[in-house]
Amino acid sequence: MTSPIAIRRLNAADQDFARHLDHLLSWESVSDDGVNQRVLDIIKAVRERGDAALVEFTEKFDGLNVASMADLILPRERLELALTRITPEQRSALEKAAERVRLYHERQKQDSWSYTEADGTVLGQKVTPLDRAGLYVPGGKASYPSSVLMNAIPAKVAGVPEVVMVVPTPRGEINEIVLAAACIAGVDRVFTIGGAQAVAALAYGTESVPPVDKIVGPGNIYVATAKRHVFGKVGIDMIAGPSEILVVCDGQTDPDWIAMDLFSQAEHDEDAQSILVSPDAAFLDRVAESIAKLLPTLEREAIARTSMEGRGALILVADMAQAIEVANRIAPEHLELSVENPEQYLPQIRHAGAIFMGRYTAEALGDYCAGPNHVLPTSGTARFSSPLGVYDFQKRSSIIHCSAEGASELGKVASVLARGESLTAHARSAEYRIKP
């Protein structure tokens, strides 16, 4: 039995289409003043009282009776135990996914390089991994082992010596598959803390938690707000908005497939966004029928329904060229090109976090095991941001080694420019090396 659902319809030919699209895409992830102040208070407490504040906040927010910080540390042996507690099927799936993620990210590794000029001057770049990375993982009933793999493995491939994971265990709920994923991914240390207090601990360090250079991984509004505030003291991956999928379809894919692809993001949370763009009006109608038919079969029907009705849309365009134009305007986190010969459109795609090519490439495959990272720019930030990768855990230092001849010639140029800026110490420093 189909269930009525009110999903927004837009037509790119309408005069006010741009305004309606802007309204559909609008998303404000900034915290309210109350959340902001609570996060600032938590960060201040952790900076001032260290482990004692972590114990206090864990008791308060996670409902745990904690004697000391030692109760919030998981040794490597506990991660290895988790591997034996999950099913053989789960372990096999984790290991296969981890291997694919590792192989893909190995290709992203950047090496140091240099070149020598005719006068003997050497210029180059030294690539160095971060010393320590922090990984935030949601805890409790939430199970995101895939996020552990996607965040920890690129760090390890980059050569980061130590990856520190924080994961809350509200009311003592330990997620074995998350710990197993941490074991497989090579996580070095695990603390069972969460929220803004965990972010503060990773940023500033406590008696037990070492300070890291970069914090990655998803979290709730308190975690996101804390990441905003500690940025500058440490690096962060991004401030992520709700999950998004944009499907561009020529009308020839099974409408049930497309409906379920849309649901694959809508089931994340009520603010997730699922949009279908097609030049085939009859196909949009068929997908709408599939949405109504399949929605009641979802375990997370209520969440998906709210998402689809609040932020979803079916958009009619004149042709595939306009479909690509709309896709670039949206700059989606996930873009499915569910079309014949998707390669022909790839050069025209300018903005997308990840591009899923063809009718058989469901976005869900990218979430778990295809290989590329599933940590992607959201809310239109694909216009200037990229997926998480090995390069996020490496930094680059410039190398300049002048020969005597090179220093003399460059000094003449630097002297003129420095004196033009009235920085005479700069000029004289360069001039000392100029040969008479």
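Just so we're clear, the structure is a prediction, and the values are computed from it rather than from any experiment. These values consider heavy atoms only, across backbone and side chains, with no hydrogens, waters or symmetry-generated copies.
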Colleague: Do R91 and E95 meet the salt-bridge criterion of a basic N to acidic O distance under 4.0 Å?
Modeller: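 Judged by the 4.0 Å cut-off on N to carboxylate O distance, E95 and R91 do form a salt bridge.
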Colleague: Salt bridge check: are E56 and K60 linked by an N-O gap of less than 4.0 Å?
Modeller: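 So E56 does not pair with K60 through a salt bridge.
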Colleague: Can you list every pair that meets salt bridge (charged side-chain N to carboxylate O under 4.0 Å, His left out) and has a residue in residues 61-87, with sequence neighbours left out?
Modeller: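 Listed by first then second residue: R76-E80, R78-E176, R85-E176.
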Colleague: Tell me which pairs pass ring pair (Phe, Tyr, Trp, His ring centres under 6.0 Å) where either residue lies in residues 220-266, with sequence neighbours left out.
Modeller: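 The answer is W257-Y360.
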Colleague: In this structure, are over 12 heavy atoms from other groups packed under 6.0 Å from Y368 atom OH?
Modeller: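 Not more than 12 within 6.0 Å, no.
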Colleague: Taking the basic N atoms (NZ, or NE/NH1/NH2) and the acidic carboxylate oxygens, is any pair closer than 4.0 Å for D285 and R9?
Modeller: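 Salt bridge flag = yes for R9 with D285.
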Colleague: With a sphere of 6.0 Å drawn around CZ of R38, does it hold more than 12 non-hydrogen atoms of other residues, nucleotides or ligands?
Modeller: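 More than 12 within 6.0 Å, yes.
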Colleague: Of L335, I245, T361, L365, which meets side chain to side chain contact (heavy atoms under 4.5 Å, CB included) against F356?
Modeller: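 Testing each of L335, I245, T361, L365 against F356, the sole residue satisfying side chain to side chain contact (heavy atoms under 4.5 Å, CB included) is T361.
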Colleague: Can you list the steps and then say if I315 with Q322 is a side-chain contact (heavy atoms from CB on, under 4.5 Å)?
Modeller: CA-CA 11 Å; I315 300 178; Q322 190 173 44; over 6 Å; no
Colleague: Tell me, with the steps shown, if D250 and R359 meet salt bridge (charged side-chain N to carboxylate O under 4.0 Å, His left out).
Modeller: CA-CA 10 Å; D250 55 12; R359 308 192 197 285; 3.0 Å; yes
Colleague: K293 vs E289, test: salt bridge (charged side-chain N to carboxylate O under 4.0 Å, His left out). Steps then yes/no.
Modeller: CA-CA 6 Å; K293 175 184 69 177; E289 292 170 2; over 6 Å; no
Colleague: Are any non-hydrogen side-chain atoms of E59 and N65 less than 4.5 angstrom apart?
Modeller: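 Yes, side chains in contact.
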Colleague: Decide yes or no for R132 and P211: does some side-chain heavy atom of the first lie under 4.5 Å from some side-chain heavy atom of the second?
Modeller: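 Touching, per the 4.5 Å side-chain cut-off.
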Colleague: As a quick check of understanding, evaluate side chain to side chain donor-acceptor pair (under 3.5 Å) for Q265 and E363, giving each step before the final call.
Modeller: CA-CA 9 Å; Q265 297 311 295; E363 183 279 330; 2.6 Å; yes
Colleague: Taking 4.0 angstrom as the limit, do D188 and K156 come out as a salt bridge?
Modeller: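 Here D188 pairs with K156 in a salt bridge, since their nearest N and O are under 4.0 Å apart.
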Colleague: In the structure I gave you, are the side-chain heavy atoms of V164 and F191 within less than 4.5 Å of one another anywhere?
Modeller: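 When only atoms from C-beta onward are counted, F191 and V164 do touch, with a gap below 4.5 Å.
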Colleague: Which heavy-atom pair separates L149 from L94 by the least distance, and what is that distance?
Modeller: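 Nearest pair, atom of L149 first, then L94: CD1-O, 4.0 Å.
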Colleague: Would you say CD of E299 has more than 12 non-hydrogen atoms from neighbouring residues, nucleotides or ligands within 6.0 angstrom?
Modeller: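 No, not enclosed.
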Colleague: For residues 264-275, which residue pairs pass the salt bridge (charged side-chain N to carboxylate O under 4.0 Å, His left out) check, not counting sequence neighbours?
Modeller: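 Checked against salt bridge (charged side-chain N to carboxylate O under 4.0 Å, His left out) - neighbours excluded - no pair reaches residues 264-275.
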Colleague: Side-chain contact test, heavy atoms from C-beta onward, threshold under 4.5 Å: evaluate it for L179 versus V187 and give yes or no.
Modeller: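 No, their side chains stay 4.5 Å or more apart.
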